[in-house]
Each structure stands twice: as C-alpha cells, then as structure tokens.
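In what follows, a single structure is set out as structure tokens and then discussed.
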Amino acid sequence: GDLDVGGTYTNNTQPAFLARNTSVDSNLAKDTFHTVDFNSEVYDQASNFTSDTFTAPVTGKYLLSTQVRLDDIQSDAGFYELNIVTSNRTYRRFIDPVGFDTQVDHFGMNLTVVADMDTNDTAYVQVRQSGGTSSTLDIEANSSHLDTFFSGYLLG
C-alpha cells in the first residue's frame, strides 16, 4: 500500500469487486431460487470474483452490497426475496406485492451487509418469486447504468 502526504492510505491488493449484469434474464420460474448472473466485471481487485461468486481470500468482515432490478413483478405473488448467500448465513430482503394494484414494471431491490467470512467462504446473490399465477419475472440489465450489480470490499 501507499501513504500519501495527506495521510490517505491506498492498497491495490485489498480484495474489492464490482460486477454487473449486462443482459436481461427473462421469465424466471416462480417458486425457484435463481442465482443472479453477473456477467461483466467493472473491477475485481485481487481477482476473487468469478462465475457470479465472490470467494473470500482471508478471514474478515466484508462489506457486501447488491441491487437487482426486477421487472414484471406480479401483484398476486406471495412475496419476492433478494438474498446475499454466504457460507455462514443468508441475508434476506422481502417485498410483499399485495399493496401494488397492478403488475410493477420496474423495481430495484437492494441489500447491504457487513458479513463475517472465513478463508474460502463464498458469497452470491439470488432472487425468488414465491407464489402467484405467472412466471414472468425478469432480472433487468442496462447498457449504460448499473441497474443490477454486486459489490464487496474487505473491511478488515
């Protein structure tokens, strides 16, 4: 690492990643856990992200953050969940679409955690639609913006 005159420390070997989805994953089946596809890396400092999964190189606390843009949310579904799944535990976020009076065309679900991870533990993102009459859920992508992304950084 380097320490500059102002006391700012930088370390270009510290594990850090930002991956995104650049293509739409359409019509996902309901009542099924879907691993979110992150097919493009913005950066992967220390090369610990591959095949939609981050692998912790050392034991520590990791800041993990994701947003997944879900399109075509059905108002009659039981719930939608967004998960960050780590080897130690699963962090979950839910929405119950009963309050929506119609199909929701675009909805960004996000989740940020400080996860305890051990050496070689993994982390990935998944979504699920529970119930409902239709399997039209899409994980959306955007060519110029990060509508669907997964990022992480070793805090220490």
Side-chain angles (χ1 to χ4, degrees), residues 1-2 8-74 77-98 104 106-132 135-143 145-156:
D2 297 313
T8 302
Y9 181 76
T10 60
N11 181 350
N12 61 7
T13 61
Q14 187 82 344
F17 71 93
L18 174 59
R20 61 182 293 203
N21 188 4
T22 62
S23 59
V24 178
D25 298 314
S26 297
N27 299 327
L28 301 177
K30 65 181 180 173
D31 300 316
T32 302
F33 287 103
H34 299 279
T35 298
V36 178
D37 179 33
F38 299 102
N39 62 347
S40 178
E41 292 179 353
V42 178
Y43 57 83
D44 183 9
Q45 197 166 273
S47 300
N48 300 115
F49 188 87
T50 187
S51 301
D52 308 321
T53 302
F54 171 72
T55 302
V58 296
T59 297
K61 303 297 187 291
Y62 289 82
L63 177 67
L64 301 174
S65 183
T66 187
Q67 176 174 282
V68 178
R69 178 179 150 193
L70 301 177
D71 284 13
D72 302 328
I73 289 179
Q74 303 300 307
F79 62 87
Y80 289 83
E81 67 181 291
L82 168 69
N83 301 323
I84 295 177
V85 180
T86 71
S87 299
N88 290 332
R89 62 193 47 86
T90 297
Y91 305 88
R92 304 170 84 188
R93 176 171 180 200
F94 294 89
I95 60 162
D96 180 345
V98 69
V104 177
H106 314 295
F107 190 86
M109 287 184 69
N110 49 61
L111 180 60
T112 299
V113 301
V114 175
D116 56 316
M117 297 183 74
D118 303 311
T119 302
N120 293 322
D121 278 0
T122 58
Y124 61 94
V125 177
Q126 66 181 193
V127 295
R128 177 171 68 123
Q129 171 186 332
S130 178
S135 294
T136 59
L137 181 66
D138 299 338
I139 297 175
E140 196 59 46
N142 189 296
S143 59
H145 304 292
L146 275 72
D147 288 5
T148 298
F149 66 84
F150 184 28
S151 66
Y153 184 77
L154 172 60
L155 297 175

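Keep in mind that what you see is a predicted model, and the values were worked out from it rather than measured.
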With no hydrogens and no angle check, is any side-chain donor or acceptor of [X] less than 3.5 Å from a backbone partner on [Y]?
{"X": "Q45", "Y": "S47", "result": "no"}
{"X": "T59", "Y": "T119", "result": "yes"}
{"X": "D116", "Y": "K61", "result": "no"}
{"X": "Y80", "Y": "Q74", "result": "yes"}
{"X": "T122", "Y": "F54", "result": "no"}
{"X": "T90", "Y": "V85", "result": "no"}
{"X": "Q129", "Y": "A29", "result": "no"}

Atom pair [atom1]/[atom2] of [X] and [Y] - distance to nearest 0.5 Å:
{"X": "I139", "Y": "D37", "atom1": "CD1", "atom2": "CG", "answer": "8.0 Å"}
{"X": "K30", "Y": "L137", "atom1": "NZ", "atom2": "CG", "answer": "12.5 Å"}
{"X": "R128", "Y": "R92", "atom1": "CZ", "atom2": "CZ", "answer": "6.5 Å"}
{"X": "S65", "Y": "F149", "atom1": "OG", "atom2": "CZ", "answer": "5.0 Å"}
{"X": "Q126", "Y": "T32", "atom1": "CD", "atom2": "OG1", "answer": "11.0 Å"}

Least distance between heavy atoms, P97 atom then A77 atom
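So the two residues come closest at CG-O, 3.4 Å.
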Using every non-hydrogen atom in the two residues, find where A141 and S23 come nearest and quote the distance to one decimal.
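A141 and S23 have their closest heavy atoms at CB-N, 3.3 Å.
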Less than 4.5 Å apart, any side-chain heavy atom of [X] and any of [Y]?
{"X": "D147", "Y": "H106", "answer": "no"}
{"X": "L64", "Y": "T86", "answer": "yes"}
{"X": "R93", "Y": "M109", "answer": "yes"}
{"X": "L70", "Y": "L82", "answer": "no"}
{"X": "N88", "Y": "D118", "answer": "yes"}
{"X": "I95", "Y": "I73", "answer": "yes"}
{"X": "Y91", "Y": "T112", "answer": "no"}
{"X": "V42", "Y": "L146", "answer": "yes"}

Just do the side chain to side chain contact (heavy atoms under 4.5 Å, CB included) check on S151 and T66 with the steps written out, would you?
CA-CA 6 Å; S151 66; T66 187; over 6 Å; no
Please test V36 against V127 for side chain to side chain contact (heavy atoms under 4.5 Å, CB included), starting from the C-alpha separation and ending with a verdict.
CA-CA 7 Å; V36 178; V127 295; 4.0 Å; yes
Using salt bridge (Lys or Arg N to Asp or Glu O under 4.0 Å) as the criterion, list what pairs up with D71, not counting sequence neighbours.
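With neighbours one apart ignored, the set is R69.
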Applying salt bridge (Lys or Arg N to Asp or Glu O under 4.0 Å), name anything that partners D121, two or more places apart in sequence or on another chain.
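For D121, no residue satisfies salt bridge (Lys or Arg N to Asp or Glu O under 4.0 Å) once neighbours in sequence are set aside.
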Check ring pair (Phe, Tyr, Trp, His ring centres under 6.0 Å) between F49 and all other residues, then give those that pass, not counting sequence neighbours.
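Ring pair (Phe, Tyr, Trp, His ring centres under 6.0 Å) check on F49 returns F17.
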For F94, ring pair (Phe, Tyr, Trp, His ring centres under 6.0 Å) partners two or more places apart:
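F94 satisfies ring pair (Phe, Tyr, Trp, His ring centres under 6.0 Å) with F79 only.
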Going by side-chain hydrogen bond (donor to acceptor under 3.5 Å, both in side chains), name the pairs with one or both residues in residues 12-22, residues two or more places apart or in two chains.
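Pairs touching residues 12-22 that pass the test: N11-T13, N21-D25, T22-N39.
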Pairwise ring-ring contact (aromatic ring centres under 6.0 Å, His included) hits with a residue in residues 20-42, at least two apart:
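Listed by first then second residue: F38-F150.
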Side chain to side chain contact (heavy atoms under 4.5 Å, CB included) between N27 and D138, intermediate numbers included:
CA-CA 5 Å; N27 299 327; D138 299 338; 3.8 Å; yes
